[in-house]
Amino acid sequence: MPELPEVETIKRSLAPRLLGRRIEDFQAIWPGAVHGITGERVRELVTGQVIGGLSRRGKYLLLELASGDRIVLHLRMTGQLLLKPVGSPLESHTRLVFNLSQGEELRFTDIRKFGGMDFLAAGCPEISGLRELGPEPLADAFTTDILKGILSGRKAPLKSVLLDQHSLAGVGNIYADEILHSSGFLPMVPACSLTEPEIAVLHAKIREVLAEGVSHRGTTKRNYVDGDGRPGEYQERLRVYGRAGKQCTVCEETIVRTMVGGRGTYYCPQCQGEQGSRNRKGKPHKHAGDNNIGD
DNA sequence: TAAATCCTGTCA
DNA sequence: TGACAGGATTTA
């Protein structure tokens, strides 16, 4: 469920409050949420350790311990990370509980059991998913040139490349559609078909839309909440995602839903594609929107 | 590059 | 009852 803006919001809501706390105990209520080792082994490894920070890389959260050990969490589709008072009723689908000093516990809940944690001992090589992540789109190091390199030679749909975590870290299904709408590109065009000025537009919009998402504390379409259980606000500002059959907020054309790379995909046929910033020739040709599922 | 897979819940 | 859901990996 959570993409970069949601994971960043969770990090911001929890990081200051976790800093310096001691892990008093750990329990894997659902053992499958711990990867590689047993829940009991994690309990032995983390009990007594002090939390030195909480950071984000792509859609991963890293709970950093003062020893240099790290707990790597991924929320996948329905994961939540919540800081709650000890003794308060456990949320349903609670999978992991870190009992902390000062009477609170960090709970990982996850309806669909896709998410989970890895334990990384200090100095150990990173798990593959983390090591192979593409650049952080909001970092200064992510330049138009970097994006150009990511897109070059890629015949896959532009949206699929945006979603590919090896190419770029943190963009998911909602923000991919929003980025493509605000930059005026159809999701299904080959990634390598963008011209250099178009890549510059896309680069700017990737950063703009993700930053907007962060500043509105993420998008709650289903069950996303931050570390305090607060939903986001960006769902009110979505331009295309989840809006099939509704009017585009820019041109009043009807938003269309289709499938791209196996993912539900929303776009505006007027703002994106031949009526958008590319191929203004007016050459009438069919695009995937013609057999949409939406309205 | 698509589909199946891991799961559970919700909605039409 | 079937389709679909914010993700990512594996398989064909």
Measure from [atom1] on [X] to [atom2] on [N] and round the result to the nearest Å.
X: A:R112; N: B:dC6; atom1: CZ; atom2: C1'; value: 9 Å
X: A:N173; N: C:dG7; atom1: CG; atom2: P; value: 6 Å
X: A:E6; N: C:dG7; atom1: CD; atom2: C1'; value: 13 Å
X: A:D164; N: B:dA2; atom1: CG; atom2: P; value: 14 Å
X: A:L75; N: B:dC6; atom1: CG; atom2: P; value: 22 Å
X: A:L4; N: C:dG7; atom1: CG; atom2: P; value: 12 Å
X: A:Y266; N: C:dC4; atom1: OH; atom2: P; value: 10 Å
X: A:L61; N: C:dG7; atom1: CG; atom2: C1'; value: 14 Å

Next on the checklist: The side chain of A:R76 is closest to which nucleotide in this list: B:dG9, C:dA5, C:dA8?
Outcome noted: C:dA8
Checklist entry - In the strands shown, is B:dC7 matched to any nucleotide by a Watson-Crick or G-U wobble pair with both distances under 3.5 Å, and which? => result none
Under 4.0 Å between a side-chain N/O of [X] and OP1 or OP2 of [N], yes or no?
X: A:H93; N: B:dG9; answer: yes
X: A:K113; N: B:dT8; answer: yes
X: A:H74; N: C:dA8; answer: yes
X: A:K59; N: C:dA8; answer: yes

Item to check | Ring centre gap for A:F114 and A:H74 strictly below 6.0 Å | outcome: no
How is [X] classified with respect to the nucleic acid when contacts are heavy atoms under 4.0 Å: base, sugar-phosphate, or nothing?
X: A:G264; value: sugar-phosphate
X: A:G262; value: nothing
X: A:S160; value: nothing

Checklist entry - Can a salt bridge be assigned to the pair A:E212 and A:R237 using a cut-off of 4.0 Å between side-chain N and carboxylate O? => result no
Item to check | Salt-bridge contact A:E136-A:R56 (side-chain N to carboxylate O under 4.0 Å) | outcome: yes
Checklist entry - Hey, which of these two, A:Y60 or A:T265, hits DNA chain C nearer its 5' end, going by closest nucleotide? => result A:T265
Checklist entry - If we ignore angles and hydrogens, is there a donor and acceptor under 3.5 Å between the side chains of A:R154 and A:S167? => result yes
Checklist entry - Do the side-chain N and O atoms of A:Y175 and A:E6 include a donor-acceptor pair separated by under 3.5 angstrom? => result yes
Item to check | Distance, P atom - from B:dG9 to C:dA8, rounded to whole angstrom | outcome: 22 Å
Next on the checklist: Tell me whether A:F114 and B:dC7 count as stacked here, given that the ring centres must be under 5.5 Å apart and the planes must differ by less than 30 degrees.
Outcome noted: no
